[in-house]
Structure formats: structure tokens, C-alpha cells
Amino acid sequence: MREEVAFRLNGHDVAVEVDVHRTLLDVLRDVLGEMGTKEGCGEGECGACTVLVDDAAVVSCLYPVCEADGTSVTTVEGLFEPGGELSPVQTAYLEFGGTQCGFCTPGMIMASVALLAENPDPSEEEIRYALTGNLCRCTGYVQIVESVRAAAELMMERPA
Amino acid sequence: MSYDYHRPRSLAEALDIAAATPGARFVAGGTDLMVQIHKRAAAPAALISLRHVAELGGIDNGARLRIGSSVTLTELQAEPAVAAGYPALIDSMRPFGSRQIRNMATLGGNLCNASPGADAAPPLLVYDAVVELRDRAGAREMALEEFFVGPGETALAPGEVMTAILLPPRAGDVRSVYLRKARVKMDVATVSVAALVEMEEGSCVRARLAAGAVAPVPKRLRDTEGLLVGSPLDDATIARVSTAAADEISPITDVRSTADYRRHLTGVLLRRALERLRAAPGEGVL
Ligand SMILES: Cc1cc2nc3c(=O)[nH]c(=O)nc-3n(C[C@H](O)[C@H](O)[C@H](O)COP(=O)(O)OP(=O)(O)OC[C@H]3O[C@@H](n4cnc5c(N)ncnc54)[C@H](O)[C@@H]3O)c2cc1C
Ligand code: FES
Ligand code: FES
């Protein structure tokens, strides 16, 4: 069974005809060629595939692509500022060592973006709780927490 | 594997599709079923999505609190009527999966998946939850305790949908709590317990105890809870209760834990839960 699925992807309208049993992750990577979003476990455990659907963080490996129809999807590719600059969360991850091999990073960043949208000034405990679903085998998490704190400071300093 | 995917907008449409489609499964948040499909533990011919069925959403605070089966755990956590009246249910959401999982997972899905360790089950059991089921012939209500039949098995008939979870209103000095132990964050519970007591003049007049991951189904501990009624929450009563629970459960040994450890842990968690209820009149605490 194939169907057309239409949604906004990083601010642009996309429409693709897909096999209905595919996941959003599959379609982002294999059909739309957006390789930022990673597949780690494929079972909802690692968070590497985290994207925002209507601003809520979800694991795209368990997200039926048909459910993206009519929504607005944001992936790490959608975070660039209007001038092509990196967003504050990306900048902070680079500066504070929140990324090493980088495999977890897009998912980690998307979960961080969702947290900061809801809670612009999170404590260390709140950051750790919000990132429970994102595994990292490299950093040991300390620099990730520091990166999110730094991103929060950067965003709070910016004129609204 | 390949399957069809349906997105009905109404309950009637969902029930019609189910009746007309052999091998179809309902899917809500997909956080259990999509994993089973990925692991090839399920191979449905079609999925019938419940996300857009208007009748299954929303929380309605009437004579009973009515939680639509497709309410997500994130929505549940944000609901003041749940926090105020049913704190053990809120306790059970805090360690549940991850934010991404709670944004997708539904309360109905947690119950219909019928894992013995389902986190929402013990709190709902101590609140005497009733589930509302519906098929093309009509609706019926059933105590949640009756709904669980075995691991992954429920009282749902083929093509029947859980439409809502109903909670009786809370009154008097009712105190409740949920505690769970897991190996690491994001792991399902090794053992979980929920406890509810209603106190009057220092003595317990009503008690409910339930435990998860220690029997084929999330289990209400009827014999054990009976020991609380008519007694104060003193050390002797709590000790008696936490020992007695071992006789009412039938834990297994698996990758997470041995049966013996689960039996021990059930007693420990019950003791801690009751000690907290003694210390915190009128409110649930984690
Ligand atoms: C990484 C990860 C972590 C998890 N952590 C936890 C945890 O800490 N605690 C825990 O208890 N669980 C956990 N789970 C399991 C799962 O998230 C929950 O059981 C969740 O509540 C299932 O809800 P769902 O809406 O996603 O269900 P689905 O996967 O959509 O459905 C589950 C089952 O119920 C049936 N079903 C769903 N809704 C209905 C309905 N209304 N009527 C009839 N049948 C229906 C489906 O056909 C399917 O068989 C975790 C899962 C993952 C992937
Ligand atoms: S790939 Fe989706 S959570 Fe691991
Ligand atoms: S940077 Fe390597 S997994 Fe996180």
C-alpha cells in the first residue's frame, strides 16, 4: 500500500509517495536524503533518531511516516539561523565539548532544543531528566549538560 | 514486512475497519507495537491508528475522572486533576521511558499491551480504575483487575477498543504512593508497588496494594491489603504486611532479576511505601 504523505520539513513543504509501513526515520534518510537524523537502535532506546513533530520530541524510528502527514517536522538540518549561522544549541555543543564522535549529537541537540523551548533556564537535574532518552557512548554526559547550560545562557542573553 | 495503514477519524470508522480487516492491529503511540514489529515479534496485516479518533482523546473531570485511552503520558503529566487526585499515577509517569517515549506513548496502550511490569497499572489498580471497552455491538465497563488475563493478554475481544480509563472520585484522608525499582534509567521495572490507605482516627479503614513485574499480570494484593484494615500504620503492621506479600506473588527469574530477589524487593518496597504514607497525611509522595 502506497500513499502520499505531505508535511512541512524544516519550514518547507514536502510531499512524498511512500510505502505506508515505513517509519519517519526511513523516509527522512532514504527518500528525502536528510542524513542528519541517525539510526542507532531502531527500538526507541537510544534517541539518535530524535526529531520534533509539531515541536514535540519523538523517536522517529518508531514513528509511522503516515502520522507525519499534516504536521511540521524539524530535524537538525532545520536549526540553522536565517544567515546560515549555527543555532545557539549547536554552537554551545561545539564549544563545550558536547560532541565527540557525533553519532548521538543530532538527536541530543533536538532533545535539548525541545527542552529549552519549554524551560529556558533548566537546572542540571532538569537537563539530565530531559535527556534520559538520549544515549552517548563518548562524552560521559558532563560536557553535554554543560553545553545545554551554555546554550540556555546564550539564548537568554539574546534580545527576544 | 509490509502492512497497510489506516487512519480513521471516528470510533465507528475504526471499528468498521477492524471488523473488515483480518490480521489488523490497533496502534496508538506505537512504542510497544512498532518495537515488536521491528523485532519481528508481531507481523500485522494492517495497522489501524487510534491517534485521530476524536472520541479517544481528552480528560474529563466529571463524576468520575475519564481519561481517553489515547491521552499521551505527557498530557497526563500536565493534567491538574490527575496530580490533585491521583498522585501515585503521576509518580509512575516520572521514571517512565524518556521524554520522547512519553510524548508518543498512551495510557490505553500501556494497559492494552498488558506487560506484567506496565508502570501505570499498579497505581490504577489501587485507585479501583474501571476500563471502558467498545466494539460494534456496544460498550461495556470492566474493573481493570479483570482486564489483565496474562502476559500480553487482555479481556479485549477481537476488534474491540479500549475507549477510556475511569477513576472514582477521591474523598477523605486518602494517601497513595507508587515506588519502582529498575536496574538503570529507561529500563522497565524490576518490581513496582502502589499503595493506598484511607485513614480515620489513626486507623486504616480502607487499603489497596498492587505490585508489578511479580506475577503474570499486574497484581492487586487482596490478601495482603486486608491485613491493614482496622490497624494503625505502626511498625508491627507494616512488618506483617511486607512479609505477607511474598505469599501472594509468583515472580519469575529473567534477565532483570531472580525470583528470590523480586520477592525480597516487593517486601522492601511495600514497607517503604507504607512508611511514606504514615509520614505524609493527605498527600501522595514519591
Ligand atoms: C524505550 C522505551 C522505554 C519504555 N519504558 C517503559 C516504562 O518505563 N514503563 C512502561 O510501563 N512501559 C515502557 N515502555 C513500553 C511502552 O512505551 C508503553 O507500554 C506505552 O504506554 C505503550 O503505549 P502506546 O500508545 O505506545 O502503545 P502501542 O504500541 O500503540 O500499543 C500497544 C498495544 O496495545 C494495543 N492498543 C493500543 N491502544 C489500544 C486501544 N485503545 N484499544 C485496544 N488496543 C489498543 C495495540 O494493538 C498493541 O497491541 C517503553 C517502551 C520503549 C520503546
Ligand atoms: S534509533 Fe530511534 S531511538 Fe534508537
Ligand atoms: S559523541 Fe559519540 S555517542 Fe555521543
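Small disclaimer: the values here were computed from a predicted structure and weren't measured. Sequence lines set the chain letters: A, B, ... in the order given, protein chains first and strands last, and positions in each chain run from 1.
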Visitor: Any non-hydrogen side-chain atom of B/N103 less than 4.5 Å from a side-chain atom of B/T72?
Guide: no

Visitor: Can you list the steps and then say if B/E132 with B/R66 is a salt bridge (Lys or Arg N to Asp or Glu O under 4.0 Å)?
Guide: CA-CA 10 Å; B/E132 184 187 86; B/R66 185 177 200 284; 2.5 Å; yes

Visitor: Who among B/G30, B/S2, B/S98 has the most heavy-atom pairs with chain A under 4.5 Å?
Guide: B/S2

Visitor: Return the NZ to OG distance between B/K181 and B/S192, rounded to the nearest 0.5 Å.
Guide: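 Separation between the atoms: 12.5 Å.
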
Visitor: Chain B heavy atoms under 4.5 Å from A/Y129: which part of the residue, side chain, backbone, both or neither?
Guide: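 Looking at A/Y129, just its side chain touches chain B.
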
Visitor: Just by distance, with hydrogens left out, do B/Q100 and A/T50 show a side-chain donor and acceptor under 3.5 Å apart?
Guide: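 Their side chains do contain a donor-acceptor pair, which is all the 3.5 Å distance test asks for.
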
Visitor: Rounded to the nearest 0.5 Å, what separates atom CD1 in B/I101 from atom CG in B/D32?
Guide: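 If I round to the nearest 0.5 Å, the distance is 9.0 Å.
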
Visitor: Indicate whether any N or O donor in one side chain lies under 3.5 Å from an N or O acceptor in the other, for A/S112 and A/Y93.
Guide: yes

Visitor: Which answer fits A/A130, side chain, backbone, both or neither, if we ask what part of it has an atom under 4.5 Å from a heavy atom of chain B?
Guide: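 Answer is backbone: N, CA, C or O of A/A130 sit under 4.5 Å from chain B.
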
Visitor: Quick one: which of A/T132, A/L115, A/V53, A/L135 has the most heavy-atom pairs under 4.5 Å with chain B, could you say?
Guide: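 Going by pairs under 4.5 Å, I would pick A/T132.
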
Visitor: At a heavy-atom separation under 4.5 Å, does A/E45 approach chain B through its side chain, its backbone, both, or neither?
Guide: both

Visitor: With chain B as the partner, which of A/A114, A/G44, A/A111, A/C66 has the greatest number of non-hydrogen pairs under 4.5 Å?
Guide: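 Looking at each option in turn, the highest pair count goes to A/C66.
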
Visitor: For the interface with chain B, which of A/G133, A/A56, A/C41, A/C61 has the highest count of heavy-atom pairs at distances below 4.5 Å?
Guide: A/G133

